[in-house]
Amino acid sequence: MASPAQALRADSTLHIALVGNPNCGKTSLFNQLTGSRQKVANYAGVTVERKEGFFSTPQGKSIRVLDLPGAYSLSSTSPDEDVTRDVCLGRHRTEPRPQLLIGVVSATNLRLHLRFLLELRELGVPIIVALSMMDEAKRNGMTIDIAGLERDLGLTIVPVISLHRQGVQPLLEVLDHPVPAPPAPLQNGLDIHAEVRRLIQTYVTDRSAGQERLVDRIDRWFLHPVWGPVILLIVLFVMFQTVFAWAQPLMDALESGITLLGELILRPLPDGVLKSLLADGVIAGAGTVIVFLPQILILFLWILALEESGYLPRAAFLLDRLMALAGLSGRSFIPLLSSFACAIPGIMAARTIQNPRDRLVTILIAPLMTCSARLPVYTLLIGAFIPHKTVLGIFGLQGLVLFALYAVAIVSGVVAARIMTRGVKSEEHPLLLELPPYRRPNLKSLALGLWQRAVMFLSRVGTIIVSLNVLLWGLSSFPLPPQGATGAAIDYSLAGRIGHLMLPVFAPIGFNWQICVSLIPGLAAREVAVSALATVYALGVSEEAAPEKLLPLLSSQWSIATALSLLAWYVYAPQCISTLAVMRRETRSMKVVIGATTYLFGLAYLAAFIVYHLTKAITGEA
Amino acid sequence: MWSLDTLPKGNYAIIDRVEERTAADPISARLCELGFVPGESVKIVATGPVGADPIAVSLGTSRFALRKGEAARIMLRRAV
């Protein structure tokens, strides 16, 4: 990020941090200040998201800003709040204490946010207050005597509107002034709550008191004991519908684009090892995975929008009892829902669960929530083996099977969580969830969030997945068959040998050696299994590696028992090294990872075994 | 004297005190940090779909979802 010239001036860069309660408008302020000049990573040792950005003031002062995780107080109750506390106190191992804190306070929720600000004021670090959402407070009929509050607190207060660039201009100008002196601490023994009450009574006039606010009107429906769950079901239904329906045209376009690109690149090349490597290894490998980008992005768009609008905590409220069935709280809902896109962000979102046991159990069952990487495998097998017919007049059989795969996974997750939380019921796990005011999601924040996820996904495709496909291509191409050999080339390759070696273990659940081979790269990322099957079959059967050729090929070569068994295997198997790596990082325990791997593989083998033999018994196959 | 989990939906009451269930109860401490302190007025705005648990409590300009066990720590007196 830093050019050499910037590095030289590193000393003159002002280090500031945004601190505030969750839902105080901190993140939109951060996005507005830094635009796309941000770096998202993790704090050393924990996977609390570390967001750092850079910007300069009108007079050219360069500023490095840290967006600290939202916190209610410095007496922390979660890994997120630990980071905020340690950085503010200057106790963090790798993060230096900021030279200036920007205390972000929402004008719509002064009672809660001023309390945390007063706590921060005691730290002896210079503070500037950014008063956000003034526009909304004004609409609610609230007026704040900012000058009076400023004098009383002894802190500079800058109203900001994070919707547009001009809205943060006053803050930029204040940052051009020299850093203010640290505020003087309150006199000893002063009750912080009483102080907040006094400040609000003195400086805030609220003409809306007693009036019905927008949030009351919306919550009457959204939190209604009957309509609330109905609305939630509709939201989830529309969400999953759009994920599949809207994504399809984009996916088709991407697919033909990639095919076209492949032809353009490969046409001038002579037939041979290089062409085969590029076509079967690189392009086929990356292509079959990149087409899922639209689906993943649409799902993330929903999750981000629901989160920003304030609806997700309401969903947690409605689902709390349901989650209690699994021995968890409504807080686990958000991470588990995210796991339907990908278990990695889901496991990372679990850090907002304060109870350590709930957090661990949520992480352990997150891989059971059907992530979008499993869809390519499901779609392929369902398309090849489940007849395209209608049941009960309205339901497509293929859709029903897909639904059943999701349902079985969810039920298994609940049962697994139930078993893991058994016997520790006496311990109380809190919900204690803020239901923030509803907000229209900010387009800029959504776009930035999506962009960061797209980059994350594509860099995974670019690195792990393509290199594994190349590795697999190598394994399945070499050594070359001896002169005058009659069998398929891949039978003589390393992959063929490994597949045959694995066969005795997997034969009881109906897998053939081609499946065994594709399971190996599938460990890196589930979606690779499809392209791996394409590679294995394309090389073994015909010269052209075309995934769409896989469909008729599989339905002619596999028995239905084998296909269903593989589907059952995919419901459970922890086929993704990245998930396990994130799990290791989140829990910092190898024991947890080994435990998770063992229980998931065990379940996968058991389920595949049962399904295989049941199907064989029913269909009467040999 | 009664506790927040038994307050009927739509009624206001004043917080009298927040009780600790265990020594240095972390849940009570967090409730205080969220602003559940003596003298504040609270109202239940919604109850969960199953067994009226959890409850959504409005406190000043904010609102929180609490399980009944958490709400039972908050003792109330009549609003005047």
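Heavy atoms only: backbone and side chains are in, while hydrogens, waters and symmetry mates are out. Below, chains carry the letters A, B, ... as their sequence lines are ordered, and counting in each starts from 1.
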Task: Which of B/V45, B/V37, B/I55, B/L31 touches chain A most, by non-hydrogen pairs under 4.5 Å - done: B/V37
Open item on the list: On a heavy-atom basis, which atom in B/R30 and which in A/Y72 lie closest, and how many Å separate them?
Closed with: NH1-CD1, 3.6 Å
Task: Closest non-hydrogen atom pair between B/R67 and A/L328, with its separation - done: NH2-O, 3.0 Å
Open item on the list: I need the minimum non-hydrogen distance between A/P225 and B/K9, along with the two atoms involved.
Closed with: CD-NZ, 4.4 Å
Task: Close side-chain approach of B/T61 and A/L110, heavy atoms under 4.5 Å - done: no
Open item on the list: Using heavy-atom distances under 4.5 Å, tell me whether A/L112 contacts chain B through its side chain, its backbone, both, or neither.
Closed with: side chain
TODO: Can you tell which part of A/S73 gets under 4.5 Å to a heavy atom of chain B, answering side chain, backbone, both or neither?
DONE: both
TODO: Would you mind telling me which of A/N109, A/I200, A/T108, A/L223 has the largest number of heavy-atom pairs within less than 4.5 Å of chain B?
DONE: A/N109
Open item on the list: Donor-acceptor pair, distance only, cut-off 3.5 Å: does the side chain of A/H193 make one with the backbone of B/P38?
Closed with: no
TODO: Check whether A/V196 gets within reach of chain B through its side chain, its backbone, both or neither, counting any heavy atom under 4.5 Å.
DONE: neither
Task: Residue A/W221 excluded, over 12 heavy atoms near CH2 under 6.0 Å - done: no
Open item on the list: Taking atom NZ as the centre, does A/K138 end up with more than 12 heavy-atom neighbours from other residues, nucleotides or ligands that are less than 6.0 angstrom away?
Closed with: no
Open item on the list: If you count heavy-atom pairs within less than 4.5 Å of chain A, which of B/G39, B/A29, B/A46 leads?
Closed with: B/A46
TODO: Please report the shortest heavy-atom distance between A/L432 and B/E70, naming the atom on each side.
DONE: N-OE1, 3.2 Å
Open item on the list: Just verifying a value: how many Å separate A/D216 CG and B/R63 CZ, rounded to the nearest 0.5 Å?
Closed with: 4.5 Å
Task: Smallest separation among heavy atoms of B/P49 and A/L318, with atom names - done: CG-O, 3.6 Å
Open item on the list: Looking at B/L34, is its backbone amide N or carbonyl O close enough to the side chain of A/R115 to form a donor-acceptor pair, meaning the two atoms are under 3.5 Å apart?
Closed with: no
Open item on the list: Taking every non-hydrogen pair under 4.5 Å, which of B/A56, B/A71, B/G35 racks up the most with chain A?
Closed with: B/A56
- [ ] Please look at B/P26 and chain A and tell me whether the side chain, the backbone, both or neither of the residue comes under 4.5 angstrom of a heavy atom of that chain.
- [x] neither
